[in-house]
Amino acid sequence: MTLLPTTYINQIGQHVGATVTLAGWVYNKTEKGKLVFIQLRDGTGTIQCVVFRKNVSEEVFAAAKSLTQESSVRITGGVRADERAPSGYEIDVTAVEPVHVAEEYPITPKEHGTEFLMEHRHLHVRSAKQHALLRIRAEVIAAAEGFLNDNDFIRYDTPILTPVAAEGTTNLFATQYFDLGTAYLAQTGQLYVESGMMSFGKVYCFGPTFRAEQSKTRRHLTEFWMIEPEMAFADQDDNMVLQENFVSAIVQRVLARRSADLATLDRDVTALANVKPPFPRISYDEAVERINAAAATGTTVQPDDKPLPAIMWGEDFGSPHETFLAAQFDRPVFVVNYPTAVKAFYMQPVDGRPEVVHCADLLAPEGYGEIIGGSQRIHDMQLLEARIREHGLNPEHYRWYLDLRRYGTVPHSGFGMGIERCTAWIAGTHHIRDTIAFPRQLYRIYP
Ligand code: 4AD
Ligand code: MG
């Protein structure tokens, strides 16, 4: 016995003239006298199945008529090439086998509000746009891992329950860990992945990360997925070369393999075609100058055309600043050497200029903001310990991390790319919540 279909809709072109059995869900159904048209969706595509009363038994025709939106069904019929059909093929149905006739489906072709759709997210993921977005997400992940595996990076999984903070203490999710005190959900796998780097040379971790962000922006989730490569014997320049090759490979693979999904989303792909190395690099100092020069002349920023605010040297950028900077380039731009004071404790200070660090944020074009944060890490034990203290952290809690600087320390660098930010940019979708099946946000934990 098997329940599997004999083929899938994306393979249907190989079966013209043959009889196939498909299995899927009713996307839409219309009736016209002696004809029932079923739009069948099987996850790989959608195809029109035509049930003609004269060609089938009374039972089969009745079964076809009984199908409601999102009913599950197995359909058997002959494959016919048809230029008028959106998919290029149609099925002349000979048998209809309902698996479950669905109750009245809450999501209809009419417009629904965001709140309603988010409340029904478990069903919303079946709709064409969400489907395209999640496929692009899956391609981004496959491309990212594929690139790293092809370049001899070893996947090295890091823990989610951790005893201390790695990216600041203000946005930690805490939980009681038996008798051992408080555990925190990982904000990053970086500190642990550095141990793997000292073992394998080139490693990456990939998994969910958690930040109790109080922000409601279109770029923030409280749970997001991050891929974090780490390389031994590599400085920040080496790190940026890796990043521009990595991001370009991801974009070009999505363009090559997911063009139908990009078209479903009406994504203008001309901007993506430019995404090839090298990416421009500007310093934080220069970025501040550019921002202040533009702010002084009353420049406004998309999407709401608000005036670009001026900035003091030493402040971190807000999203209007990032949007303004990125808009000046036709591909992602690295902003390098941020002030030490706004960055994490582990970043390597610049020689002779300790007020800035060897780091870069990679800003995506078209207002999608920072997609990568990366840096060269401090490899000197004394300096790292001093920085831990300056951040009000207890070096005793970071004993194992300091150990990595005690036994064969090397200059090393790495970065983290947020999968949802990257997907939102490539897919050209306004809000990051649409790039993950179940977004976790300040005001949402259901479903
Ligand atoms: O710049 P971040 O905080 O860097 C780190 O966590 C480093 N430890 C990474 C490393 O060097 N291994 O975060 C990295 C990326 C950001 O550029 C962004 O893409 C994403 O993670 N990110 C978020 N995505 C969605 N929602 C949030 N709240 C995010 N915070 C960061
Ligand atoms: Mg960052």
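Treat the numbers as computed from the prediction; the structure is a model and nothing was measured. Whatever order the structure lists them in is the order used to number ligands and atoms, beginning at 1. What's counted below: heavy atoms across the whole structure, side chains too, no hydrogens, waters or symmetry copies.
Ring centroid separation for the pair F317 and Y338 comes in under the 6.0 Å cut-off. A distance below 6.0 Å separates the ring centres of F246 and F415.
Contact atoms of ligand 1 toward I372: 17 (O) (distance under 4.0 Å to a heavy atom of the residue). Residue-ligand proximity, I432 to ligand 1, at heavy-atom distances under 4.0 Å covers atoms 25 (C). Atoms of ligand 1 lying under 4.0 Å from at least one heavy atom of E228, given by number and element, are 8 (N), 9 (C), 10 (C), 12 (N). Atom numbering of ligand 1 starts at 1 in the shown order; those under 4.0 Å from a heavy atom of T188 are 6 (O), 8 (N). The contact set between ligand 1 and M226, taken as ligand atoms under 4.0 Å from a residue heavy atom, comprises 6 (O), 13 (O), 14 (C), 15 (C), 21 (O). Contact atoms of ligand 1 toward R219: 25 (C), 26 (N) (distance under 4.0 Å to a heavy atom of the residue). Which parts of ligand 1 touch Q190 is read off a 4.0 Å heavy-atom cut-off, strictly below it: atoms 7 (C), 8 (N), 10 (C), 11 (O), 12 (N).
Residue-level proximity to ligand 1 for Y346 is carried by the side chain, the only part with a heavy atom below 4.0 angstrom. The side chain of R377, and not its backbone, has at least one atom closer than 4.0 Å to an atom of ligand 1 (non-hydrogen atoms only; side chain from C-beta on). When non-hydrogen atoms are compared, ligand 1 lies under 4.0 Å from the backbone of E370 as well as from its side chain. Residue contacts with ligand 1, taken as heavy atom pairs separated by less than 4.0 Å, involve E167 solely via side-chain atoms from C-beta onward. Using a 4.0 Å cut-off between heavy atoms, F415 contacts ligand 1 through its backbone alone, with no side-chain atom that close. Only the backbone of I371 comes within 4.0 Å of ligand 1, judged by heavy-atom distances. Counting heavy atoms under 4.0 Å from ligand 1, residue L362 does not touch it at all.
Side-chain contact annotation: D305 with T300, donor-acceptor N/O pair under 3.5 Å present. When only modelled atom types and interatomic distance are considered, E194 and H412 share a side-chain donor-acceptor pair under 3.5 Å. Donor-acceptor pairing under 3.5 Å is lacking for the side chains of Y27 and D42. Side-chain polar atoms of Q190 and E228 form no donor-acceptor pair below 3.5 angstrom.
Summarising the contacts of atom 15 (C) of ligand 1 with G416, S215, S413, A166, the nearest heavy atom is found in G416. Considering F224, Y204, Y368, W425 only, the shortest heavy-atom separation from atom 30 (N) of ligand 1 involves F224. When the options Q187, E223, R211 are ranked by their closest heavy atom to atom 3 (O) of ligand 1, first place goes to R211.
Classification of the Y401-Y398 ring pair by plane angle, with boundaries at 30° and 60°, yields perpendicular. In this structure, F279 and F334 have tilted ring planes: the angle between them lies in the 30° to 60° band.
Coordination check, D361 versus the Mg ion (ligand 2): failed, since every N/O/S atom of the residue sits at 2.8 Å or beyond.
The 12-atom threshold is exceeded at CG of D150, counting heavy atoms of other residues, nucleotides or ligands nearer than 6.0 Å.
Checked against the Mg ion (ligand 2), the N, O or S atom of E370 at the shortest distance is OE2.
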